[in-house]
S.K.: 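Okay, handing you the structure first.
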Protein chains: 2
Amino acid sequence: MTNNTITESSEAEFLQHYDTACYEKPSFTVDLVIFTVRDEQLHVLLVKRAEHPFKGSWALPGGFLDPQRDDSVDACAVRKLTEETGVSAPYLEQLKTYGSCDRDPRGWIATTVYFALMVSDAVRLGGNQAAACWAPVRGDGVNFNLAFDHAPILADAVERLRSKLEYTHIAVHLLPEEFTLPELQRTYEIILQQPLDKSSFRRRVVQADMLEELTGKQRDGSGRPAQLYRFREYDRLTFFPRSISRHAR
Amino acid sequence: MTNNTITESSEAEFLQHYDTACYEKPSFTVDLVIFTVRDEQLHVLLVKRAEHPFKGSWALPGGFLDPQRDDSVDACAVRKLTEETGVSAPYLEQLKTYGSCDRDPRGWIATTVYFALMVSDAVRLGGNQAAACWAPVRGDGVNFNLAFDHAPILADAVERLRSKLEYTHIAVHLLPEEFTLPELQRTYEIILQQPLDKSSFRRRVVQADMLEELTGKQRDGSGRPAQLYRFREYDRLTFFPRSISRHAR
DNA sequence: GAAATAGTGTCTATCAGACATTATGGC
DNA sequence: GCCATAATGTCTGATAGACACTATTTC
């Protein structure tokens, strides 16, 4: 700290001669596990691989990070999400990084996986001119054989999603901005695969003070109409886990 | 699936001509946040940087992944941990991946960060012939200025450690294999920075059924000796989160 | 009014915090 | 016996599940 200028100048000199290319590097990709709820089921977005390896197989969307275009890993995830779905700012959270010499036949490749939640209506599929589909999630995976190690990755993502539902309110990102409590509860039930008690559920949600009652509005089918709500601070740009009601002591 | 052999042969041909080097890649490193408890305080292992950039600054131990030596990111973390501390199999868990064009003056570098828990007695510092020290953690960081973006990374790790203490028993990895309940409680108190009720603490630990009472043994200083325990399934090789008593419903 | 769904009230089991009490060692 | 610390017991308040009950709409 005392010889600041000296340090800086020698550091500048060092950097001038530093060549990152002289070290062998693994390849680096970003993959996405994009969830939505439709037809009373949790679905995940898959794309059909147009090229080798695993040509023709279904896989999680993603691809190589481009240091020229992506200023950060997060930015790369956002870019790929937009390319794939046309949706630019849903709930997006880093899941985990997988990397080894044998998970991809092309060689040593690491992938940082994100998972995203979005409203299925908002999605425009095939923006990336690749065949894409919403695959229903059964148990902790899908009924296809997935390329690479994407099956265990998907299982991790499903596990994380379920786990987070238990102590956060991220499921609101699977619904449109305005929704009713029965809709929200149904979303939880679909993902957690178990019925929830109405009274307990409402108490929990209300106590968290995360919902804003929309005055006057109602809607829905046959019985008594339900109150419409909106998620407070529905910050569409929020990137990292909003720590909603963490398991307090 | 029907034209399996055809697919495989054309894929083999594809891979033969595939050259990973033709794409520009970010550099890839693995860094470690190694925690221990000593002198009634949480400490983190720091190394003094011997080279530019940030020469002379304290930083988290870590470095470039070597695809020749490291079969996976996890393996790379284990290797660096051993090099740095001589300890080969403590509790080790992936924290998060940080990567951007501007977090390191050498260019676009991604780092996957792991955090480890170990018994401070077991550590042999400076195995990597670099100056190393145990720095006490104050709040969510240390009293040094850390190199790169290591300060916010450390803050994330401390946050994760505290959070996990609330619903797992990972703190046992900060103690020797045999320990007493007052020692374990003290460890929790040191990290969570708050006193815990003895009765509640013991109830919690006993209910989790994770401890094995060691027959006959006792030890300690001035008052009544405490019962010695051992962690059940003290699997020194366990790598990923053992989901101990997850916040059940 | 019947059916259907939304929303509320209440009882109870569970669990954590608080704190008093007992137990066991050294001196 | 006295002190220090370990270990246990008991009360209480908060909370979640279970479930009965009321409310509001369509037909």
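Quick note on labels: first sequence line is chain A, next is B, and so on, each numbered from 1. Side chains are part of it too, since the values below use all heavy atoms of this structure and drop only hydrogens, waters and symmetry mates. Since we're looking at a predicted model, the values are computed, not measured.
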S.K.: Using the test salt bridge (charged side-chain N to carboxylate O under 4.0 Å, His left out), find all partners of B:Arg160 that sit at least two apart in sequence or belong to another chain.
M.R.: B:Glu93
S.K.: Before accepting this row, confirm whether a basic side-chain N of the pair A:Arg79/A:Glu83 lies closer than 4.0 Å to the acidic partner's carboxylate O.
M.R.: yes
S.K.: Going by the rule salt bridge (charged side-chain N to carboxylate O under 4.0 Å, His left out), which residues pair with B:Arg202 if we only count those two or more places apart in sequence or in a different chain?
M.R.: none
S.K.: What is the distance from CG of A:Leu214 to C1' of C:dA6, rounded to the nearest Å?
M.R.: 16 Å
S.K.: Going 5' to 3' through nucleotides 19-27 of chain D, assign each nucleotide B (protein heavy atom under 4.0 Å from a base atom), S (under 4.0 Å only from sugar-phosphate atoms) or - (no protein heavy atom that close).
M.R.: B---BBBS-
S.K.: Answer yes if the side chains of B:Asp156 and B:Tyr98 hold a donor-acceptor pair under 3.5 Å, and no otherwise.
M.R.: yes
S.K.: B:Glu213: what forms a salt bridge (charged side-chain N to carboxylate O under 4.0 Å, His left out) with it, not counting sequence neighbours?
M.R.: none
S.K.: Roughly how many Å is it from CZ in A:Arg186 to P in C:dT5, rounded to a whole number?
M.R.: 12 Å
S.K.: Please determine if A:Arg186 and A:Glu183 form a salt bridge, counting it only when a charged side-chain N lies under 4.0 Å from a carboxylate O.
M.R.: no
S.K.: Figure out the CZ/P separation between B:Arg202 and D:dT10, and round it to whole Å.
M.R.: 17 Å
S.K.: What residues, two or more places apart in sequence or in another chain, satisfy salt bridge (charged side-chain N to carboxylate O under 4.0 Å, His left out) together with A:Asp149?
M.R.: A:Arg103
S.K.: Is A:His150 reaching over with its side chain to a backbone N or O of A:Ala59, donor-acceptor style, under 3.5 angstrom?
M.R.: no
S.K.: Rounding to a whole Å, what distance do you find between A:Leu184:CG and C:dA6:P?
M.R.: 13 Å
S.K.: Would you mind reading off the distance between B:Leu228 atom CG and C:dT24 atom C1', rounded to a whole angstrom?
M.R.: 15 Å
S.K.: Could you state the CD-C1' distance from B:Gln194 to C:dG17, rounded to the nearest angstrom?
M.R.: 12 Å
S.K.: At less than 3.5 Å, do the side-chain atoms of A:Arg203 and the base atoms of C:dG9 form a donor-acceptor pair?
M.R.: no
S.K.: Please verify the inter-ring angle class for B:Tyr188 with B:Phe201; under 30° counts as parallel, over 60° as perpendicular, anything in between as tilted.
M.R.: perpendicular
S.K.: Round to a whole Å and report the spacing from CD of A:Gln227 to C1' of C:dT5.
M.R.: 15 Å
S.K.: Between the two ends of the helix from C:dG1-D:dC27 to C:dC27-D:dG1, what is the bend in degrees, rounded to 10 degrees, where each end axis spans five pairs?
M.R.: 10°
S.K.: Round to a whole Å and report the spacing from CG of B:Leu196 to C1' of D:dA6.
M.R.: 16 Å
